[in-house]
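Index from 1, following the sequence.
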Amino acid sequence: MHVFYTPDIQKNLELPEEEAQHCVRVLRLNIGDEITLTDGNGNFYRAEITAATNKRCLVKILETIPQEPLWSGHLHIAMAPTKNMDRNEWFAEKATEIGFDELTFLNCRFSERKVIKMERIEKIVVSAIKQSLKARLPRLNEMTDFDKFITQEFTGQKFIAHCYEGEKPLLKNILKPGEDALVLIGPEGDFSEEEVTKAIEKGFQPISLGKSRLRTETAALVATMVVNSD
């Protein structure tokens, strides 16, 4: 099944240029062929190509197929980006395949990467929803300072994973299935002790993700998997 991302399909019966080129020039699909579209907002569409050139592909909708959410609650991962950009991209791809709703990159005291280009991440996430046949595109947020982020309103469960001593129950043991969840994942050098204290004061509960010491992107993926397993 070939799936094409068409966020404006309800207003404009034309594939975005990059999707159109892939459809017509790479896959060599033509007038009369049926294709599957997703708007990233919870719908698949069965469509038929009505016009095709090198850069344009017009369609008519044959059927709209709403998709029920594949997991309960809203999962928001907030992580400090790794110095190696490939590892951030790897997380975004794999987490999308598994299933999550929102990603924010955090600028923390010990962050080794202070700037991140979202365009590449966005393309990877779009590709991942098509590959994994998901109808909902995760929301991607720009880099946000840690102190500012933890003051934002969030009505669900709030967790912070860190490596310092203290009582830290396993996430899987305290997670309330079906409720919204926000999980903070620190940089390679961990959150600072001050950041952990501030987060706790704002209602974040310290958690453990297991006995192993994990890389940033691995920890974020483990948290994604734990929430999806409930």
Side-chain angles (χ1 to χ4, degrees), residues 69-82 87-113 121 125 128-129 132 134 136 138-141 143-230:
L70 298 178
W71 57 91
S72 301
H74 181 97
L75 172 57
H76 188 166
I77 299 292
M79 61 176 279
T82 61
R87 288 159 57 189
N88 299 311
E89 294 171 359
W90 176 85
F91 166 74
E93 178 183 68
K94 300 310 175 188
T96 302
E97 292 175 9
I98 295 167
F100 79 124
D101 299 285
E102 190 169 356
L103 172 62
T104 299
F105 289 105
L106 297 177
N107 182 14
C108 302
R109 179 180 176 186
F110 297 138
S111 294
E112 293 190 76
R113 175 179 286 275
I121 299 289
V125 168
I129 67 164
S132 58
K134 287 188 170 59
R136 288 177 171 78
R139 177 180 176 181
L140 302 177
N141 301 317
M143 180 86 79
T144 305
D145 285 339
F146 178 88
D147 288 350
K148 178 180 178 181
F149 182 81
I150 63 173
T151 64
Q152 297 177 2
E153 288 294 326
F154 186 82
T155 56
Q157 307 167 87
K158 301 193 295 185
F159 305 106
I160 180 169
H162 65 80
C163 298
Y164 298 106
E165 295 295 328
E167 183 180 355
K168 295 182 296 181
L170 288 170
L171 175 59
K172 66 180 182 179
N173 291 340
I174 61 172
L175 182 70
K176 298 176 183 177
E179 291 190 11
D180 295 350
L182 169 58
V183 184
L184 305 184
I185 305 292
E188 283 121 322
D190 204 357
F191 294 113
S192 70
E193 293 188 66
E194 182 182 9
E195 286 171 334
V196 172
T197 299
K198 287 180 178 179
I200 292 172
E201 290 173 350
K202 293 297 182 180
F204 286 84
Q205 181 170 357
I207 54 161
S208 169
L209 296 171
K211 296 180 180 179
S212 299
R213 187 177 180 88
L214 305 174
R215 288 177 178 266
T216 293
E217 74 280 8
T218 309
L221 194 65
V222 168
T224 303
M225 294 177 67
V226 169
V227 175
N228 269 270
S229 67
D230 286 288

Query raised in the report: Phe146 vs Phe191 aromatic rings, parallel, tilted or perpendicular, using cut-offs 30° and 60°?
Result: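 Judged by the thresholds at 30° and 60°, the geometry between Phe146 and Phe191 is tilted.
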Report task. Would you check, one step at a time, whether the test side-chain contact (heavy atoms from CB on, under 4.5 Å) holds for Ile150 with Phe204? Result -> CA-CA 9 Å; Ile150 63 173; Phe204 286 84; 3.9 Å; yes
Flag side-chain contact, heavy atom, 4.5 Å: [X] against [Y]:
| X | Y | value |
| --- | --- | --- |
| Leu209 | Leu214 | yes |
| Ile207 | Val183 | yes |
| Pro206 | Glu167 | no |
| Phe91 | Thr224 | yes |
| Ile174 | Gln205 | yes |
| Glu102 | Asn141 | yes |
| Lys202 | Thr151 | yes |
| Pro69 | Arg136 | yes |

Query - Closest non-hydrogen atom pair between Ile98 and Lys134, with its separation - result: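 Heavy atoms of Ile98 and Lys134 come nearest at O-CE, 4.0 Å.
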Query raised in the report: Of all heavy-atom pairs between Ala80 and Gly186, which one has the smallest distance, and what is that distance?
Result: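 Closest heavy-atom pair between Ala80 and Gly186: CB-C, 3.8 Å.
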I need the [X] [atom1] to [Y] [atom2] distance, nearest 0.5 Å.
| X | Y | atom1 | atom2 | answer |
| --- | --- | --- | --- | --- |
| Ile77 | Leu182 | CD1 | CG | 8.0 Å |
| Leu140 | Leu103 | CG | CG | 6.0 Å |
| Met225 | Asn228 | CE | CG | 8.5 Å |
| Gln157 | Asp180 | CD | CG | 8.5 Å |
| Met143 | Ser111 | CE | OG | 6.5 Å |
| Arg87 | Leu221 | CZ | CG | 13.0 Å |

**Report entry** ring pair (Phe, Tyr, Trp, His ring centres under 6.0 Å) evaluation trace for His76 with Phe159
**Finding:** CA-CA 10 Å; His76 188 166; Phe159 305 106; over 10 Å; no
Requested in this report: Run the salt-bridge test on Lys198 and Glu193 with the 4.0 Å N-O cut-off and return the result as yes or no.
Outcome: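 No salt bridge links Lys198 with Glu193.
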Query raised in the report: Should Lys94 and Glu97 count as an ion pair when the cut-off is N to O under 4.0 Å?
Result: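 Yes, this pair counts.
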Query raised in the report: Taking the six-membered ring where the residue is Trp, are the ring centres of His74 and Phe100 under 6.0 Å apart?
Result: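 They do not qualify: ring centres at least 6.0 Å apart.
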